[in-house]
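Beneath this line is the structure, given in structure tokens, with notes to follow.
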Amino acid sequence: MKILGIETSCDETAASVIEDGDKLLSNAVSSSVDLHAAYGGVVPEIAARSHLEVILPVIDEALKTAKVSWQDIDTVSVTRGPGLGGSLLIGLMATRTLAITKNKPLYGVNHVTAHVYANFLTKTSLPGYKLPKNQPKFPLLALIVSGGHSQLVLFAQHLEYTVLGQTADDAVGEAFDKVAKLLGLPYPGGPSISEAAKDGDPNAVKLPKARLDNRYDFSFSGLKTAVLRATQEICGKAYDFPSTKLANLLNKQQKADIAASFQRVAIETLVRSVKAAAEEYGPASVVIAGGVAANHELRRQLAEALPQQIEYTDIKLCTDNAAMVAVLGYFMIQNNHPSVNSYALEINPGLRM
Ligand code: KG4
Ligand code: ZN
């Protein structure tokens, strides 16, 4: 069975064809990230306009790379939320129209759940992908960490889950992005921070770790403020000194030390929760998902902290992509979820797991 997935929830326009829930045939992604870099964050109007321009070419590319035509596609699957309203709308309306005109069953999926399902891809005909050898087993503990979400979720079975914990404030990716901005490092902040951190001392700056009532919840806003205060102190400036002027006062080594110290504490916060949940629930598999799952320090610390073997998927399948949307669609079919009415499916920007 071949599924076409379509994803437009943020600034990536993506389409992908997968086969039987485990094989990746194509993964077309067009990002408008360069257009947003000048603003230090995603501008919703620019993202939406960009989706409109590239959605059809991206879908064509996904079909072409997979060496399939519309006739070969059994089902289409699209992200219906959460995400930016304008961005979601373009992907969803394009997919609805195609599902109607090509006469294909349609599935609308949750973007955050879909991130987890990227880990089910174990085979590919594409060059340059490093995929896990085995599909995850249940019970499955999933750490979902992206620019918009930080959640720890326990799946008893496919599509049956309990949210064990989540962030009380910022998503961890958002904290990476904000600290990068403070240090004058390029957007998106996650890759910039981890690159800068390579030359830094992770113990150079003392930063607090938040303690919450639920040990599976996270908090990153206090850490972000602590980084700001530490930076003001390093620069010899008062707490009311504008944060936007600090980056110019830091040298490369100071930036590296702050980046490394922030990254260590942010990652330790996540790993502490995953370790506690793994001890309590004894999952058969643990996976990480979402943009921050690309972080090498997270991968290293988790592998060290967990008794179970942990397999990581390719970084190209951690950040936003449509393969994960297609895989989730596949498992909805396998688990007897009905397809939706292609004339009626609507976006849900605030959709939760
Ligand atoms: O999943 P994603 O592509 O989009 C959302 O659904 O949010 O995640 C994007 C987030 C951004 O905040 C970005 O800074 C972060 O993932 N990110 C990273 C890394 N690569 C991307 N964070 C830490 N380390 C990385 N290597
Ligand atoms: Zn995402």
Side-chain angles (χ1 to χ4, degrees), residues 5-14 16 27 29-33 36-37 40-42 44 47 79-84 87-88 91 109-119 142-151 153 166-167 170-183 185-198 200 202 218 220 223-224 259-260 262-271 287-302 312-325 327-328 349-353:
I6 293 169
E7 151 67 37
T8 62
S9 67
C10 191
D11 58 340
E12 266 92 23
T13 317
S16 160
N27 184 28
V29 182
S30 168
S31 179
S32 58
V33 65
H36 306 288
V42 175
T79 301
R80 68 183 185 96
L84 301 169
S87 291
L88 287 166
V109 312
N110 181 316
H111 174 90
V112 182
T113 313
H115 268 299
V116 175
Y117 276 82
N119 289 285
L143 174 70
I144 310 167
V145 276
S146 74
H149 311 277
S150 303
Q151 294 187 337
V153 183
Q166 55 204 325
T167 183
D170 292 356
V172 60
E174 198 179 344
F176 270 84
D177 293 335
K178 286 177 181 164
V179 169
K181 202 167 181 176
L182 176 73
L183 300 180
L185 301 172
Y187 175 84
S192 304
I193 292 273
S194 50
E195 189 53 38
K198 282 184 189 159
F218 324 105
F220 295 100
L223 174 60
K224 194 184 61 191
F262 160 75
Q263 175 172 260
R264 177 181 63 81
V265 175
I267 299 297
E268 279 175 9
T269 305
L270 297 171
V271 171
V287 299
I288 55 175
V292 183
N295 187 279
H296 289 293
E297 181 61 16
L298 173 60
R299 291 174 173 223
R300 192 190 64 74
Q301 281 195 26
L302 258 191
Y312 299 118
T313 191
D314 197 280
I315 284 171
K316 297 186 279 302
L317 296 173
C318 292
T319 46
D320 286 350
N321 65 85
M324 65 189 201
V325 173
V327 177
L328 177 50
L351 188 64
R352 298 170 69 91
M353 267 190 90

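Both counts, for ligands and for their atoms, begin at 1 and track the order of listing. Note that the structure is predicted; figures quoted are calculated from it, not measured.
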Minimum heavy-atom distance between A171 and G148, given as atom pair plus value:
CB-C, 3.5 Å

Can you name the nearest heavy-atom pair linking C318 to R299, along with the distance?
SG-NH2, 3.3 Å

Using a cut-off of strictly less than 2.8 Å, determine whether H149 has an N/O/S atom near the Zn ion (ligand 2).
no

Distance check below 2.8 Å: does H111 bring an N, O or S atom to the Zn ion (ligand 2)?
yes

F176 vs F262 aromatic rings, parallel, tilted or perpendicular, using cut-offs 30° and 60°?
perpendicular

Heavy atom of Q263, distance to ligand 1 below 4.0 Å:
no

What do you reckon, does P191 put a non-hydrogen atom under 4.0 Å from ligand 1?
yes

How long is the gap from [atom1] on [X] to [atom2] on [Y], to the nearest 0.5 Å?
X    : Y    : atom1 : atom2 : value
N110 : M353 : CG    : CE    : 6.5 Å
H111 : H149 : NE2   : NE2   : 6.0 Å
T269 : R264 : OG1   : CZ    : 9.5 Å
Q151 : R352 : CD    : CZ    : 7.5 Å
S150 : L143 : OG    : CG    : 8.0 Å

Shortest reach to atom 25 (C) of ligand 1 by a heavy atom, considering only C318, G190, S9:
G190

Closest heavy-atom approach to atom 20 (N) of ligand 1 among A171, S192, G147, G291 is made by G291

Rounded to the nearest 10°, what angle sits at the Zn ion (ligand 2) between NE2 of H115 and OD1 of D320?
100°

Where ligand 1 meets [X] - atom numbers and elements under 4.0 angstrom, heavy-atom basis:
X    : answer
H115 : 1 (O), 6 (O)
G173 : 12 (O)
G148 : 7 (O)

Which part of [X] is near ligand 1, with near meaning a heavy atom under 4.0 Å away: side chain, backbone, both or neither?
X    : result
H111 : side chain
S194 : side chain
H296 : neither
T319 : both

For ligand 1 and H149, I'd like to know whether there is a polar contact (N/O to N/O, distance under 3.5 Å).
no

Between E12 and ligand 1, does any nitrogen or oxygen pair lie at a separation below 3.5 Å?
no

Tell me the protein heavy atom at minimum distance from [atom], and give that distance in Å.
atom                    : value
atom 15 (C) of ligand 1 : V292 CG2, 3.9 Å
atom 3 (O) of ligand 1  : D320 N, 3.0 Å
atom 12 (O) of ligand 1 : D177 OD2, 2.8 Å
atom 24 (N) of ligand 1 : N295 ND2, 2.9 Å

Per side-chain contact (heavy atoms from CB on, under 4.5 Å), Y312 is matched among N119, L317, L302, V287 by L302

Just to verify, which of V145, D320, T319 counts as forming a side-chain contact (heavy atoms from CB on, under 4.5 Å) with H115?
D320

Side-chain touch T79/I6, heavy atoms, less than 4.5 angstrom:
no

Pair V116-V153, side chain to side chain contact (heavy atoms under 4.5 Å, CB included): steps then yes or no:
CA-CA 10 Å; V116 175; V153 183; 5.9 Å; no

